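Each remark here refers to the structure printed beneath this line.
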Number of protein chains: 2
Amino acid sequence: MTAATSGKRRQGPRKGDLREKAILDAAEELLGREGVELMTVESIAKGAGISRASLYFYFGSKLEVLTALVGRTVDALAAQAEVAEAADESVEDVVRASVRHTANSWREHGLVMRAAVDLTPVTPAIRGLWTGTVNRYAAAMTEVLARAGVPDPAVAEALCWMTERTFYWASVNGDDLDRTADICAQIWCATIRGNN
Amino acid sequence: MTAATSGKRRQGPRKGDLREKAILDAAEELLGREGVELMTVESIAKGAGISRASLYFYFGSKLEVLTALVGRTVDALAAQAEVAEAADESVEDVVRASVRHTANSWREHGLVMRAAVDLTPVTPAIRGLWTGTVNRYAAAMTEVLARAGVPDPAVAEALCWMTERTFYWASVNGDDLDRTADICAQIWCATIRGNN
DNA sequence: GATAAAACTCGACACCGCGTCGATTGTGAT
DNA sequence: ATCACAATCGACGCGGTGTCGAGTTTTATC
């Protein structure tokens with residue numbers, strides 16, 4: 001899933017796997033320090049302790065590095081998501097818990113998630129990773145909403161994109177994510193109630 | 001409002017104003033044909049019938065051209081928005097009318113509006129134009145929602161961003177905008193009802 | 001522990017798009 | 001006619017990109 005390789009390498013727990021991780025770590029660090037635009041193949045390579053030409057052995061471009069970085073984070077998100085099953089509370093409680101969980105994801109991975117949103121228009125690969133993640137979330141919420149008498153998947157989808165954008169801006173502006181979560185949850189719940 | 005000038009020119013209905021419009025038109029055409037990434041100062045200049053160096057007389061960079069283009073469209077949006085006052089119908093009718101109006105905006109100006117969204121992370125100037133537009137809309141809707149017993153501006157804001165993103169994706173994917181409008185309006189109205 | 005095939009590294013190169021400068025031509029006012 | 005300013009362009013240097021081929025290091029095999 002993480003792979004976005006048009007670099008020449010392929011498989012095995014070789015030495016270069018450490019380099020690969022080092023490159024991703026360097027990219028993430030740069031992301032926080034300079035932002036996507038300023039980041040250059042040169043600076044990533046320097047951060048990883050290799051030459052520019054060597055980086056091209058691992059990744060075909062800056063965008064491929066970023067794609068792999070987003071893939072890594074998206075995988076982490078998916079791993080945490082599976083925890084949030086079980087426990088059949090009221091529908092509204094499930095919704096509130098889900099939104100709070102989303103807030104935590106943005107707290108922990110905001111840097112890369114913001115980059116994922118920013119780069120969605122730029123690369124089909126990242127667009128796929130991000131919309132895939134959101135759609136998986138939307139599919140899960142469609143189930144929940146269906147149990148509350150709101151069967152149309154498009155409603156859950158729209159609310160998911162609301163949640164995404166709202167947290168994105170809150171994350172960019174440094175707003176309080178708890179407050180953001182409350183607002184989103186309020187709208188989710190009101191939508192359920194108002195659709196009876 | 002449209003101005004984003006660090007090019008050397010300043011004012012007056014001179015001959016070069018035609019060029020300026022020609023440049024914006026060329027950029028808009030290129031936007032549809034090749035997309036933001038492929039578009040180059042060279043190609044814009046060629047489209048406008050001038051040399052690359054001459055374009056720099058009017059605009060300081062490709063991004064400034066795009067900013068002016070977005071500004072032009074955003075102004076058009078604002079102009080159309082003022083029409084939608086008067087006529088005191090029910091709150092839900094106002095909401096539905098507003099969403100339908102938004103759908104028409106995306107139908108008519110989808111190309112540049114998509115670009116505005118895509119470039120929002122890239123330029124503070126475009127970010128300002130776009131968030132300004134959305135926030136103006138949100139402020140108006142806050143009034144409407146307040147009349148329905150939902151005074152918190154953050155709710156209208158979140159719903160506006162939902163509307164923005166949902167139409168954005170629908171526009172990108174070529175989905176039916178009427179259907180999208182229905183879904184959005186449904187959520188707006190349900191939120192009002194559910195918040196009683 | 002020799003050796004051959006890989007995995008890996010890097011300097012050097014050509015390319016492309018950007019932004020600037022200075023020199024030149026067009027245009028309108030007086 | 002001339003003067004100031006609007007507009008145009010060729011040519012330059014710069015910085016980032018991606019590739020190539022020649023090296024070095026690692027790993028598997030005997």
Side-chain angles (χ1 to χ4, degrees), chain A residues 3-27 30-31 33-69 115 119 122-123 125-126, chain B residues 3-27 30-31 33-69 119 122-126:
Chain A
T5 317
S6 84
K8 296 155 196 166
R9 218 166 109 278
R10 284 302 152 191
Q11 275 301 45
R14 310 235 176 265
K15 160 199 175 183
D17 290 348
L18 296 177
R19 287 278 191 231
E20 194 158 322
K21 182 180 181 304
I23 292 171
L24 260 40
D25 291 342
L30 269 272
L31 200 57
R33 208 151 51 77
E34 310 189 322
V36 184
E37 320 289 337
L38 280 309
M39 191 186 324
T40 178
V41 174
E42 169 83 39
S43 65
I44 301 173
K46 184 147 70 174
I50 59 179
S51 76
R52 212 170 58 81
S54 286
L55 191 146
Y56 281 100
F57 180 76
Y58 294 95
F59 298 97
S61 69
K62 172 174 111 176
L63 244 35
E64 271 190 22
V65 175
L66 267 334
T67 302
L69 178 59
L119 293 170
V122 180
T123 326
I126 291 186
Chain B
T5 316
S6 86
K8 295 155 198 165
R9 216 163 111 281
R10 284 301 151 190
Q11 276 302 45
R14 310 235 175 266
K15 159 199 176 184
D17 290 348
L18 296 177
R19 288 279 190 224
E20 194 158 324
K21 183 179 181 306
I23 291 170
L24 261 40
D25 291 343
L30 269 273
L31 200 58
R33 207 151 50 79
E34 309 188 323
V36 185
E37 319 290 338
L38 279 310
M39 191 187 324
T40 178
V41 175
E42 169 82 39
S43 65
I44 300 173
K46 184 147 70 174
I50 58 178
S51 76
R52 212 169 58 81
S54 287
L55 190 145
Y56 281 100
F57 180 75
Y58 294 96
F59 297 97
S61 68
K62 172 174 109 175
L63 244 34
E64 270 190 23
V65 175
L66 267 334
T67 301
L69 179 59
L119 293 171
V122 180
T123 324
I126 291 184

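Just so we're clear, the structure is a prediction, and the values are computed from it rather than from any experiment. Just so we're on the same page: letters track the sequence lines, and every chain starts at 1.
One distance of note links CD1 of B:I23 with CD1 of B:I44; it measures 8.5 Å at 0.5 Å rounding.
The rotation axes computed at either terminus of the helix from C:dG1-D:dC30 to C:dT30-D:dA1 lie 10° apart, taking five pairs at each end and rounding to 10 degrees.
Residue A:Y56 places none of its side-chain N or O atoms closer than 4.0 Å to OP1 or OP2 of C:dC10. Residue B:R19 has no polar side-chain atom (N or O) positioned under 4.0 Å from OP1 or OP2 of D:dA6. Between C:dC18 and B:T40, a contact under 4.0 Å exists linking OP1 or OP2 to a side-chain N or O.
Listed by chain and number, the residues in a side chain to side chain contact (heavy atoms under 4.5 Å, CB included) with B:T123 are B:L63, B:T67, B:A125, B:I126 (sequence neighbours excluded).
Computed from coordinates, the B:L18 CG to C:dT27 C1' distance equals 14 Å when rounded to whole Å. Distance, B:F57 CZ to C:dG26 C1': 12 Å, rounded to whole Å. Atom pair A:I23:CD1 and C:dC8:P shows a separation of 11 Å (rounding to whole Å applied). The nearest whole Å value for the distance from the CG atom in A:L55 to the P atom in D:dG16 is 15 Å.
Side-chain N/O atoms of A:T40 and A:S43 include no donor and acceptor closer than 3.5 Å.
A heavy-atom distance below 4.0 Å to DNA chain C is reached by these residues of residues 42-54 of chain A, ordered by number: A:I50, A:S51, A:A53, A:S54.
The number of heavy-atom neighbours closer than 6.0 Å to NZ of B:K46, taken from other residues, nucleotides and ligands shown, is 12 or below.
Comment: A:D25 engages A:K21 in a salt bridge, judged by a side-chain N to carboxylate O separation of less than 4.0 angstrom.
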